[in-house]
Amino acid sequence: MAGNWKMFKTPAETIAFFEKFRPLVANSEHCEIVICPPFTNLAAAVDAAKGTHIRVGAQNIAWAKEGAFTGEISGPMIAAVGATYTIVGHSERRQYFGETDETVLKRTQAALEFGLTPIVCVGERLEERESGNTEAVLIGQCQKGIAGLTEQQFAKIVIAYEPVWAIGTGKTATPEIAADAHRTIRAQVRAKFGKEAGDAVRILYGGSVKPDNVKSLMAQPEIDGSLVGGASLDAVSFAGIVNF
Ligand code: 13P
């Protein structure tokens, strides 16, 4: 269960969140818990998560190790503060910051090179769904973004299916729609990396996941976890999701 805080919270607000969140998930050992705050809060989050099984992740990663890339943060920098995950290719980055399947692949490879677990996001936009192109879009994103990895690299990634029309809109995909998309993604994985890899890969659903709809989503065997935006900002509500 991963929380993507997007561009919310200061370090002080991060510490306050963890103080409230830690006891609520102290006994939640059925899943991994990851919180992805803004870069400026990574150190505070890692510190606040010490001694718990909560992991901390970045929301993006540069494809280079270091260099003249103003505004970018590299894998070794993220790893040095103690974060162990990073989101890659979120639809907001694709939409507003020119992220493409090619750069998603490069960032995913960089995450793996520097020992971070990438949570690679795919998902269709509303017009793509309405024109009946969901499957083609997911297949294209998988083929260009994920299939460029070696089998060993692929075994270490997590995929997140996030239909763009369900993000921050309150319109959750029905469990059936989400499971259908997950099946499409898994089929791509099987075709490229074999049945075992397809069965093993964890696919999270993201898009308006809340404490009151998480149970029906997680009831789908295809759905292995969730990537939560808005509802992860509040300790009680994210704990409610984790403890579904
Ligand atoms: P919401 O949960 O706010 O819809 O955001 C989903 C998301 O984009 C998580 O990465």
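Atoms within a ligand are numbered from 1 in the order they appear, just like the ligands themselves. By convention here, the first residue in the shown sequence is residue 1.
- Set against the non-hydrogen atoms of H90, the atoms of ligand 1 under 4.0 Å away are 7 (C), 8 (O), 9 (C), 10 (O).
- Closest approach of F238 to G3, counting heavy atoms only: CZ-N, 3.5 Å.
- Ligand 1 has no atom lying under 4.0 Å from any heavy atom of K210.
- Among all non-hydrogen protein atoms, the one lying nearest atom 2 (O) of ligand 1 is G229 N, 2.9 Å.
- In this structure, a donor-acceptor pair under 3.5 Å is absent between the side chains of E32 and H53.
- Heavy atoms of other residues, nucleotides or ligands lying less than 6.0 angstrom from CD of E196 number 12 at most.
- The residue S91 has no part lying near ligand 1, judged by heavy-atom distances below 4.0 Å.
- The shortest heavy-atom distance from G168 to ligand 1 is under 4.0 Å.
- Interface atoms of ligand 1 facing G207, defined by a heavy-atom separation under 4.0 Å, are 4 (O), 6 (C).
- Side-chain contact annotation: T103 with E99, donor-acceptor N/O pair under 3.5 Å present.
- Within ligand 1, the atoms closer than 4.0 Å to a non-hydrogen atom of G230 are 1 (P), 2 (O), 3 (O), numbered from 1 in the order shown.
- In this structure, the side chain of D224 engages the main chain of I203 through a donor-acceptor pair within 3.5 Å.
- For the pair R22 and F18, the cation-pi criterion (under 6.0 Å, within 45° of the ring axis) is not fulfilled.
- Just one of H182, E124, E222, Q141 meets the side chain to side chain donor-acceptor pair (under 3.5 Å) condition when paired with Y161; it is E124.
- Note: no N/O pair closer than 3.5 Å links T169 and ligand 1 by distance alone.
- Below 4.0 Å from some heavy atom of E162 lie the following atoms of ligand 1, by number and element: 6 (C), 7 (C), 8 (O), 9 (C), 10 (O).
- Using a 4.0 angstrom heavy-atom cutoff, S232 does not count as in contact with ligand 1.
- Q153 and I157 make their closest contact through O-CG2, 3.6 Å (heavy atoms, listed as atom of the first residue, atom of the second, distance).
- Comment: D199 engages R190 in a salt bridge, judged by a side-chain N to carboxylate O separation of less than 4.0 angstrom.
- For ligand 1, the atoms closer than 4.0 angstrom to any heavy atom of A166 are 4 (O).
- Of all atoms in ligand 1, listed by their number and element, those nearer than 4.0 Å to a heavy atom of L227 are 9 (C), 10 (O).
- Close approach to S208 involves these atoms of ligand 1, each under 4.0 Å from a residue heavy atom: 1 (P), 2 (O), 4 (O).
- The pair K6-E92 meets the salt-bridge criterion, with a side-chain N (NZ, NE, NH1 or NH2) lying under 4.0 Å from an Asp/Glu carboxylate O.
- In terms of N/O distances under 3.5 Å, ligand 1 is not approached by I167.
- Looking from atom 5 (O) of ligand 1 to the surrounding protein, the closest heavy atom is K6 NZ, 3.2 Å.
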